[in-house]
Amino acid sequence: MARRIRNRPRLEQFHFTELVTSRPDRHAAWLAHRDNRHMARATPDRQIHRRTDPTWRHVMAPVLTGKSHFKDIDDHVLTSWKKLATSRTPASVDYVLSWPGKPAATVPVTVLSFAFEDAAVSGNLTAEEIIRHVVASAATWPADQTDAPLGYEEVAGHFFEWLDKFEQISEVFCVRVS
């Protein structure tokens with residue numbers, strides 16, 4: 001039996017091991033498409049590719065894997081986050097993850113996370129559309145008279161930081177929409 005398992009592809013070995021050992025209902029695995037080099041991109045390669053490939057932004061859409069975590073935030077708190085973002089104050093928001101029977105984890109995320117999550121909740125907007133939507137929304141946010149509206153590159157930088165962190169904690173993944 002062991003020899004038969006060893007002769008199977010690596011992914012089938014993994015699935016068999018998960019089914020036979022431990023508790024498979026407590027485990028999850030994401031399968032990814034291969035790129036043109038016929039190998040999955042490592043995380044740093046994927047992050048650089050997203051930022052530098054202009055077509056990636058137009059064809060990929062982030063999809064939330066769970067419920068929206070920022071939709072129940074008080075308006076006063078949202079206003080303060082918007083002011084922090086438009087004033088370009090280096091700040092982050094603590095995003096708390098909790099699972100039943102496990103200790104809570106805190107992840108610092110960009111203050112624009114609420115805007116990206118709000119735009120991505122439908123699951124059909126591309127990365128480019130989300131960035132442009134947040135840029136347009138940020139122009140209407142309260143700001144000091146000395147603060148210029150957030151620019152496209154600033155919002156894009158925050159977007160990719162948000163995407164990288166939320167993908168690493170399995171709260172979002174990207175799908176090709178066109």
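Fair warning: this is a prediction, and the values are worked out from it, not measured in the lab. Values below: every heavy atom of this structure, side chains too, minus hydrogens, waters and symmetry copies.
Nearest heavy atom pair, residue Ala91 against residue Val111, reads O-CG1, 3.8 Å. When all heavy atoms of Val135 and Leu150 are compared, the pair lying nearest together is CG1-O, 3.9 Å. Between Pro54 and His58, the shortest heavy-atom distance links the atoms O-CD2, 3.0 Å. For the residue pair Pro62 and Leu125, the shortest heavy atom distance occurs at CD-O, 3.7 Å. Nearest heavy atoms, Ser122 versus Ala119: OG-O, 3.9 Å.
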Verdict with supporting geometry, Glu117 and Phe166, side-chain contact (heavy atoms from CB on, under 4.5 Å): CA-CA 10 Å; Glu117 188 175 277; Phe166 274 62; 4.0 Å; yes

Step by step, work out the side-chain contact (heavy atoms from CB on, under 4.5 Å) result for Val134 and Phe116. CA-CA 7 Å; Val134 173; Phe116 299 133; 3.7 Å; yes

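Here the side chain of Arg50 pairs no donor or acceptor atom with the backbone of Ile48 at under 3.5 angstrom. Between the side chain of Lys165 and the backbone N or O of Pro108 there is at least one donor-acceptor pair closer than 3.5 Å. Between the side chain of Ser113 and the backbone N or O of Val109 there is no donor-acceptor pair closer than 3.5 Å.
Salt bridge status for Arg88 with Glu154: present, with a side-chain N to carboxylate O gap under 4.0 Å. Classification of Asp164 and Arg51 as a salt-bridged pair holds, one side-chain N sitting under 4.0 Å from a carboxylate O.
Note that CH2 of Trp162 is 9.5 Å distant from OH of Tyr95, once rounded to the nearest 0.5 Å. The CD1 atom of Ile130 sits 5.0 Å away from atom CZ of Phe159, with the distance rounded to the nearest 0.5 Å. Taking CD of Gln168 as the start and CG of Leu163 as the end, the distance is 9.5 Å to the nearest 0.5 Å. Separation of atoms CD (Glu129) and CG (Asn124) is listed at 8.0 Å; rounding is to 0.5 Å. The distance from the OG atom of Ser137 to the NZ atom of Lys82 is 8.0 Å, given to the nearest 0.5 Å. Between the CD1 atom in Ile73 and the CG atom in Asp118 there is a gap of 12.0 Å [rounded to 0.5 Å].
For the 3.5 Å distance criterion, the side chains of Thr110 and His158 qualify, holding a donor opposite an acceptor. Side-chain contact check for Glu128 and Tyr152: at least one donor-acceptor pair (N or O, by modelled atom type) lies under 3.5 Å.
Ring planes of Trp56 and Phe160: tilted class, angle from 30 to 60°.
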